[in-house]
Protein chains: 2
Amino acid sequence: MIKRDIPDIIVSRLPVYLRALRHMQTQNLQTTSSQELGKQVGISAAQIRKDLSQFGEFGKQGTGYNIAFLVSKLREILQVEKVWDVALVGMGDMGHALARYPGFTDRGFRITMFFDNDQSKIGTKVGEFKVQDTRGLVGAIHAAGIKLAMVCVPAEAAQEVTNQLVEAGVRSILNYAPISLSVPEGVRVQYLDPSVGLQRMTYYLDQNK
Amino acid sequence: MIKRDIPDIIVSRLPVYLRALRHMQTQNLQTTSSQELGKQVGISAAQIRKDLSQFGEFGKQGTGYNIAFLVSKLREILQVEKVWDVALVGMGDMGHALARYPGFTDRGFRITMFFDNDQSKIGTKVGEFKVQDTRGLVGAIHAAGIKLAMVCVPAEAAQEVTNQLVEAGVRSILNYAPISLSVPEGVRVQYLDPSVGLQRMTYYLDQNK
DNA sequence: TAGATTGTTAATCGATTAACAATC
DNA sequence: TAGATTGTTAATCGATTAACAATC
């Protein structure tokens with residue numbers, strides 16, 4: 001499949017649409033419109049139509065979008081029809097929380113490798129998987145062909161772990177460590193540091209209550 | 001203080017600059033340039049200068065920026081000089097991980113209220129604080145004047161909890177639940193659903209390894 | 001002084017919105 | 001048919017980058 005060059009910002013909205021559509025499905029809705037979906041996710045109807053039109057014609061004039069059909073199309077576009085294996089590095093509190101996060105499995109993700117450098121954690125079980133020594137990370141991830149990873153190590157260790165992940169062939173990283181990572185061209189990083197999240201909001205708060 | 005209308009996207013980059021500058025401080029660096037900082041965070045030098053110039057003139061031609069000075073200015077702009085109290089709703093795995101997240105305290109945040117609706121969790125201790133019954137949320141948060149909250153409850157409960165937070169006077173919400181929240185004008189939500197994070201990346205991955 | 005780097009302006013680039021013909 | 005809503009074009013809006021005078 002030749003992939004046209006779709007702006008990042010559009011791609012990043014698709015999972016939000018998908019999430020809302022699946023929510024509608026749980027309410028037994030059959031169809032929706034760009035207006036209704038837009039209201040749900042806080043995005044203009046025109047933008048939703050424009051975004052979707054990048055990938056095809058999924059709606060019908062007069063009636064809108066068939067939800068099940070649009071869900072399947074979005075899943076196809078985002079490639080979440082298949083199950084992606086994910087590696088997780090750093091079994092601290094955040095690592096454990098992600099390991100047990102219930103939302104991955106029915107969205108096409110499965111964490112199949114866990115790493116830590118703490119001897120007391122190595123070998124312990126997470127579900128059916130054992131925590132492995134970070135020293136074996138490059139070999140293990142490369143051998144398994146894993147392309148997605150989550151980094152939950154302390155800031156000091158995050159760049160080194162990232163280098164190893166890249167070396168192992170990982171192409172996309174979710175970073176929970178409070179540090180900017182440097183990665184080669186073609187590797188994507190998403191930052192989820194919760195304190196940055198909070199700092200983005202205090203700007204808007206009034207100083208005195 | 002009268003606050004000029006600074007675009008959201010600029011404000012959202014400031015914590016990233018701040019984080020990188022503090023990292024430089026730990027390496028005993030005294031000054032930096034827009035170019036050096038830009039390389040560190042992956043943003044163009046021109047953009048950094050433009051962003052900072054919205055708030056004042058913090059640099060010197062020829063020599064760049066004094067790191068300590070810029071840090072203090074950014075902390076002032078983002079209002080993280082003071083300590084902000086934060087409420088946390090939902091003491092599942094993610095809630096616990098955030099409760100123990102080490103990066104908040106030295107960035108101006110302190111989680112001082114914990115809520116859950118599970119009777120077996122209510123009354124248990126998190127550090128020096130007790131987990132409270134969600135039923136008392138509105139009153140407790142309002143009384144304490146808390147403006148920031150993190151939502152870590154299941155998707156089904158997230159909108160209801162959000163409504164209560166808004167009623168209690170919360171102005172900014174970090175949402176870890178996999179659902180779009182509807183909030184009144186003036187309340188800000190940031191979405192940190194980890195599965196959306198992953199779905200944003202699979203689009204770019206090759207289907208066959 | 002010579003070199004470096006800022007803050008800012010103007011030019012470019014890209015994203016969002018408004019509007020509407022097409023059509024279900 | 002009448003009403004609704006799409007997909008798309010053109011217009012608007014906003015953000016990024018390039019360039020450079022000012023100056024440390």
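To find a chain, count down the sequence lines: A is the first, B the second, and so on, and within it residues start at 1. Just so you know, these numbers come straight off a predicted model, no measurement behind them.
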For the pair made of [atom1] in [X] and [atom2] in [N], what is the distance, rounded to whole Å?
X: L70(B); N: dT5(C); atom1: CG; atom2: P; value: 16 Å
X: Q35(B); N: dT6(C); atom1: CD; atom2: P; value: 8 Å
X: D8(A); N: dG14(C); atom1: CG; atom2: P; value: 13 Å
X: D51(A); N: dA15(C); atom1: CG; atom2: P; value: 10 Å
X: I6(B); N: dA15(D); atom1: CD1; atom2: C1'; value: 14 Å
X: I10(A); N: dG7(D); atom1: CD1; atom2: P; value: 14 Å
X: I48(A); N: dT5(D); atom1: CD1; atom2: P; value: 14 Å
X: Q54(A); N: dA15(C); atom1: CD; atom2: C1'; value: 11 Å

Counting only side-chain N and O atoms of [X], is one of them less than 4.0 Å from OP1 or OP2 of [N]?
X: S34(A); N: dT6(D); result: yes
X: R49(B); N: dG7(C); result: no
X: Q47(B); N: dT16(D); result: yes
X: R13(B); N: dT16(D); result: yes
X: Y65(B); N: dA4(C); result: no
X: S44(B); N: dT17(D); result: yes

Query raised in the report: Within the side chain of N175(A), is there an N or O that forms a donor-acceptor pair under 3.5 Å with the backbone of I179(A)?
Result: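 It does hold such a pair.
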Query raised in the report: When you measure from the side chain of R200(A) to the backbone N and O of V196(A), does any donor-acceptor pair fall under 3.5 Å?
Result: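 Checked: no pair found.
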Among [options], find the nucleotide with the atom closest to the side chain of [X].
X: S53(A); options: dT6(C), dC24(C), dT8(D); answer: dT8(D)
X: K50(B); options: dA10(D), dT23(D), dT9(C); answer: dT9(C)
X: E57(A); options: dA22(D), dT8(D), dA10(C); answer: dT8(D)

**Report entry** Heavy atoms from other residues, nucleotides or ligands near CZ of R171(B) exceed 12 (cutoff 6.0 Å)
**Finding:**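 Not buried by this count: 12 neighbours or fewer within 6.0 Å.
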Query raised in the report: So does R19(A) pair up with D193(B), basic N to acidic O under 4.0 Å?
Result: yes
**Report entry** Which residue lies more 5' along DNA chain C, comparing I9(A) with K60(A) via nearest heavy atoms
**Finding:** I9(A)
Query - Opposite nucleotide pairing with dC20(C), Watson-Crick or G-U, both atom distances under 3.5 Å - result: dG7(D)
Query raised in the report: Knowing that exactly one of T162(A), V166(A), L165(A) qualifies, which makes a side-chain contact (heavy atoms from CB on, under 4.5 Å) with V187(A)?
Result: V166(A)
